[in-house]
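The block underneath contains the structure these notes are about, expressed in structure tokens.
The residues of the chain are indexed from 1 along the displayed sequence.
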Amino acid sequence: MRLYEQGGLRRYLLVMDKGDEACAEITGFARDRGIRSAALTAIGAASRSVLGFLAPGSEAYEFTTRDEQVEIGSFVGDIAWDADGPVLHAHGVLGRRDGSALAGHIAELHVFPTMEVTLIETPASVRKERDPDTGLELIAIDRSDAAAAASADPSLPRGVNHIGVTVPDIEAATVFLREAFGARVAYDGLTPDDEPRGGAEVERQLGLPAGAQIVAQRMLQIGTGPGFEVFEVHTPQRQGATGLADLGWGHVALLVDDIDAVTGRAVAAGAHALSEPHPNCRHEDTPGNASVYLRAPWGSIIELQTLPGGHWYGTGSEVELWTPPPA
């Protein structure tokens, strides 16, 4: 389960069952969620362990298997990726019944009765490559996104922070977004109890027409990704909601797993589905993918998209798109 997300970091709690092999479970979790860099710690107990020791000059670990009950006194590690996917590197200290301890590189750990893992995902992508001197797969700092981020051009943006939409009634819009998509309130930037934002300077700063006033402003979060900022503006002149053929931001797309279920929930909350789910463009039209456009109660277009097959990238693609991970 995901405990929280803050500042680009996601903290997960994984609880292992009796008989689970911890290393395989952690690696599978990272693979399923596309976690490309993480640090982790754990406590618990195990009935079987396989520990490794790397002797100097050797290109392979020496492994020792023990079938005995131990307490996990320490378990620390990280996750990076190689050409085949996520790689867990973990070391541990295992306490025996007589108070002595075993320590080493953890290759296998068979859980009994439980094991609790705290995993913190970072937004960087850390890669492992074969080291020619040792023959081992080691983290290649110069090939990882962490190194690129450290020397990134500060004149370029880090990413999309939030998306803004103006609605006729901020409370009604919040109810709709909450009931339709599980939106949660991050904070209220301006409430009806505050002095409205208006006047010549605000009009200049925000491009508002003369006489317009912002009377409410709220930041929401829908799943993971950019914030969703909602404005209520009183103005003497207003155009209708922007459609796909109009100039400007045409729609917001939400990634979903069950497109029919989410569509039904949104319609029940007050949305209007413009059609049934339909195919996407060729780079999004892999098996099982579909999308549907909804019109929100205030007229804006919200797209629901399901991408179980992911995107298709050709030779001209310069980047692979970020997609929200599974909950």
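Considering all non-hydrogen atoms of both residues, Trp298 and Pro168 come closest at CB-CD, 3.2 Å. Minimum interatomic distance between Ile72 and Ala45 (heavy atoms only, all atoms of both residues): CD1-N, 3.6 Å. Shortest non-hydrogen contact noted between Ala42 and Val117 is CB-CG2, 3.8 Å. Here the closest non-hydrogen pair linking Val215 and Leu190 is C-CD2, 3.8 Å. For Gly85 against Arg31, the heavy-atom pair with the smallest separation is CA-NH1, 4.0 Å. Heavy-atom minimum distance, Ala60 versus Leu54: O-CD1, 3.5 Å.
Leu102 places a side-chain heavy atom less than 4.5 Å from the side chain of Arg66. Within the 4.5 Å cutoff, the side chain of Thr65 has no heavy atoms near those of the Leu51 side chain. At least one side-chain heavy atom of Val292 sits under 4.5 Å from a side-chain heavy atom of Ser275. Between Leu244 and His251 there is a side-chain heavy-atom pair separated by less than 4.5 Å. The shortest distance between side-chain heavy atoms of Leu208 and Ile214 falls below 4.5 Å. The shortest distance between side-chain heavy atoms of Phe181 and Arg265 does not fall below 4.5 Å. Using a 4.5 Å cut-off on side-chain heavy atoms (C-beta onward), Val165 and Ile163 make no contact. A heavy-atom distance below 4.5 Å is not found between the side chains of Leu119 and Thr41.
Side-chain atoms of Thr122 and Ser37 form a donor-acceptor pair, as typed in the model, at a separation below 3.5 Å. Thr191 and Asp188 share no donor-acceptor pair across their side chains, judged by distance under 3.5 Å alone.
For the pair Gln221 (side chain) and Gly225 (backbone), a donor-acceptor distance under 3.5 Å is present. Here the side chain of Thr306 pairs no donor or acceptor atom with the backbone of Ile259 at under 3.5 angstrom. Side-chain atoms of Glu108 never come within 3.5 Å of backbone atoms of Ala24 as a donor-acceptor pair (strictly under, hydrogens ignored). Side-chain N or O atoms of Ser300 include none that pairs as donor or acceptor with a backbone N or O of Ala296 at under 3.5 Å. Using a distance-only test at 3.5 Å, with no hydrogens or angles considered, a donor-acceptor pair links the side chain of Asp169 to the main chain of Ala172. Of the possible polar contacts, none joining the Gln213 side chain to the Arg197 backbone as a donor-acceptor pair under 3.5 Å is found. For Asp20 (side chain) and Ala22 (main-chain N/O), no donor-acceptor pair under 3.5 Å exists by modelled atom type.
Gln239 CD: 12 or fewer foreign heavy atoms inside a 6.0 Å radius.
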Exercise for review: For the pair Phe228 and His162, evaluate ring-ring contact (aromatic ring centres under 6.0 Å, His included) and give the outcome as yes or no after the intermediate values.
Suggested key: CA-CA 6 Å; Phe228 200 92; His162 67 270; over 10 Å; no

Exercise for review: Check the pair Leu254, Ile302 against side-chain contact (heavy atoms from CB on, under 4.5 Å), reporting the backbone distance first and the verdict last.
Suggested key: CA-CA 7 Å; Leu254 304 178; Ile302 300 173; 4.0 Å; yes

**Study point:** Stepwise side-chain contact (heavy atoms from CB on, under 4.5 Å) test for Tyr293 and Leu304
**Key:** CA-CA 6 Å; Tyr293 275 29; Leu304 303 181; over 6 Å; no

Exercise for review: Test side-chain contact (heavy atoms from CB on, under 4.5 Å) on Phe63 and Phe53 and set out the steps.
Suggested key: CA-CA 7 Å; Phe63 292 105; Phe53 179 84; over 6 Å; no

Review point. Please walk me through it: do Leu294 and Thr263 pass side-chain contact (heavy atoms from CB on, under 4.5 Å)?
Key: CA-CA 8 Å; Leu294 308 176; Thr263 300; 4.2 Å; yes

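Considering Arg48, Arg97, Arg96 as possible partners of Glu68, the one that fulfils the side-chain hydrogen bond (donor to acceptor under 3.5 Å, both in side chains) test is Arg96. Applying side-chain contact (heavy atoms from CB on, under 4.5 Å) to Met16 and the options Glu116, Glu21, His110, Glu25 leaves one that passes, Glu25.
The pair Glu229-Arg218 fails the salt-bridge criterion, with no side-chain N (NZ, NE, NH1 or NH2) lying under 4.0 Å from an Asp/Glu carboxylate O.
Aromatic ring orientation, His89 versus His91: perpendicular (interplanar angle above 60°, classes split at 30° and 60°).
Geometrically, Arg127 does not engage Trp81 in a cation-pi contact defined by less than 6.0 Å to the ring centre and at most 45° from the axis.
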